Enquirer: 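Take a look at the following structure, please.
In this chain, numbering begins with 1 at the start of the sequence shown. Small disclaimer: the values here were computed from a predicted structure and weren't measured.
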Amino acid sequence: VIFRWWKISLRNEFRESRPGEIKESQEDFLDDSSLHVQIAIVFGARVLEHVLNLCRGNYDLLERLPVPLLLHIISFLELEDIARLSQVSRRFEMICNSNELWENIVENLCDTITPEMKELAQEMGWKQFFITNRLQLQLQLRRRRQKQDAQNKKLT
């Protein structure tokens, strides 16, 4: 484990400060509680916990994947599995309920999506759009058309 730091200051007494470095084996680092305290103060408890987990061999590669890749992977899951995955962590809850994911799901499962349907989905949210049954969607689309027609009549 290697930690490097730089002291940046406008004070004269620190102008000649050089970067610092601590190198310890993973085993020594796990036993060095004073260094743990210093890391928690400077970098925060989450960074300390992450480094400790890495040294212990406990790391979750799935949590580290970028969101676009996770969205792509999750879009292939069954709906039940997406619901379960959303309960794993706050990050997965956010991703599993995101408009981007549900837009992908709707586009993969539906044959045709009209521009009008897209607008409605963006207004109400893609997940809600997907869950709403067809009769309700047809009713909402009809109301939307009527509202737009009324607005167009007012403009003319």
Side-chain angles (χ1 to χ4, degrees), residues 1-8 19 21-22 24 26-27 29-30 32-33 35-156:
V1 179
I2 302 172
F3 285 98
R4 294 187 177 112
W5 66 88
W6 295 263
K7 186 175 261 186
I8 300 171
E21 180 176 276
I22 295 176
E24 288 191 0
Q26 292 179 358
E27 294 80 25
F29 174 75
L30 288 171
D32 192 345
S33 59
L35 183 56
H36 297 176
V37 171
Q38 291 174 353
I39 290 170
I41 290 169
V42 174
F43 297 106
R46 291 187 74 198
V47 170
L48 173 62
E49 189 63 33
H50 177 67
V51 174
L52 289 171
N53 281 329
L54 289 175
C55 290
R56 293 178 187 129
N58 303 330
Y59 42 88
D60 185 357
L61 296 177
L62 193 58
E63 277 283 341
R64 294 268 181 245
L65 290 176
V67 171
L69 181 57
L70 284 171
L71 285 168
H72 183 71
I73 293 168
I74 294 169
S75 69
F76 293 102
L77 295 177
E78 296 293 327
L79 297 178
E80 282 180 19
D81 297 328
I82 293 172
R84 287 188 192 113
L85 184 61
S86 72
Q87 298 172 351
V88 168
S89 68
R90 286 185 185 147
R91 182 172 191 237
F92 280 113
E93 179 184 19
M94 180 196 71
I95 293 169
C96 290
N97 290 313
S98 71
N99 268 331
E100 294 87 358
L101 174 65
W102 287 95
E103 183 176 2
N104 288 341
I105 290 170
V106 169
E107 288 175 351
N108 288 338
L109 295 177
C110 297
D111 296 333
T112 56
I113 300 172
T114 66
E116 187 179 35
M117 291 170 74
K118 271 190 175 185
E119 282 182 32
L120 180 61
Q122 288 169 344
E123 281 178 21
M124 68 188 307
W126 283 94
K127 183 177 180 180
Q128 186 62 38
F129 179 81
F130 179 79
I131 293 171
T132 305
N133 71 38
R134 288 190 173 184
L135 288 174
Q136 288 176 330
L137 282 177
Q138 288 173 353
L139 179 64
Q140 287 180 359
L141 284 170
R142 191 175 308 122
R143 287 180 185 161
R144 200 166 188 282
R145 281 187 210 121
Q146 290 171 348
K147 190 184 272 187
Q148 286 177 344
D149 290 344
Q151 288 176 347
N152 289 340
K153 285 180 184 178
K154 286 180 184 179
L155 295 175
T156 57

Enquirer: To the nearest 0.5 Å, how far apart are CG in Leu62 and CG in Leu85?
Expert: 7.0 Å
Enquirer: Using side chain to side chain contact (heavy atoms under 4.5 Å, CB included), reason through Ile73 and Leu69 one step at a time and then give a plain yes or no.
Expert: CA-CA 6 Å; Ile73 293 168; Leu69 181 57; 4.0 Å; yes
Enquirer: Quick check for you: to the nearest 0.5 Å, what is the distance between Phe29 atom CZ and Leu52 atom CG?
Expert: 5.0 Å
Enquirer: Any side-chain heavy atom of Phe3 sitting closer than 4.5 Å to one from Val42?
Expert: no
Enquirer: Heavy-atom distance under 4.5 Å between the side chains of Glu107 and Lys118, does that happen here?
Expert: yes
Enquirer: Any chance CD of Glu21 has more than 12 other-residue heavy atoms, nucleotides or ligands included, within less than 6.0 Å?
Expert: yes
Enquirer: If only side-chain N and O atoms count, and only distance matters, is there a donor-acceptor pair under 3.5 Å linking Lys127 with Asn99?
Expert: no
Enquirer: Do Leu101 and Trp126 have side-chain heavy atoms sitting under 4.5 Å apart?
Expert: no
Enquirer: Say whether, by atom type as modelled, one donor and one acceptor occur between the side chain of Asp81 and the main chain of Leu77 under 3.5 angstrom.
Expert: no
Enquirer: Looking at every heavy atom in both Cys55 and Leu30, which two are closest together, and how far apart are they?
Expert: CB-CD2, 3.8 Å
Enquirer: Are Arg91 and Leu70 side-chain neighbours, meaning at least one heavy-atom pair lies under 4.5 Å?
Expert: yes
Enquirer: Could you give the distance from CG (Leu141) to CD (Glu116), rounded to the nearest 0.5 Å?
Expert: 5.0 Å
Enquirer: Test of understanding: with ring pair (Phe, Tyr, Trp, His ring centres under 6.0 Å), list the residues that count as partners of His50, not counting sequence neighbours.
Expert: none
Enquirer: Measure the shortest side-chain to side-chain distance between Gln148 and Glu119 over non-hydrogen atoms and say whether it is less than 4.5 angstrom.
Expert: yes
Enquirer: Take Ile105 and Ile74 through the side chain to side chain contact (heavy atoms under 4.5 Å, CB included) test and state the conclusion after the steps.
Expert: CA-CA 9 Å; Ile105 290 170; Ile74 294 169; 5.9 Å; no
Enquirer: For Val47 and Phe43, which heavy atoms make the closest approach, and how far apart are they?
Expert: CG2-O, 3.5 Å
Enquirer: What distance separates Met124 CE from Ile131 CD1, expressed to the nearest 0.5 Å?
Expert: 9.5 Å
Enquirer: Report yes or no: does Trp102 contribute a side-chain atom to a donor-acceptor pair with the main-chain N or O of Cys96 at less than 3.5 Å?
Expert: yes
Enquirer: Could you pull out all residues at least two apart from Glu49 that satisfy salt bridge (charged side-chain N to carboxylate O under 4.0 Å, His left out)?
Expert: none
Enquirer: Can you tell me how far apart CD (Gln26) and CG (Leu54) are? Round to the nearest 0.5 Å.
Expert: 8.0 Å
Enquirer: With rounding to the nearest 0.5 angstrom, report the CE to CZ distance, Met117 to Arg144.
Expert: 11.5 Å
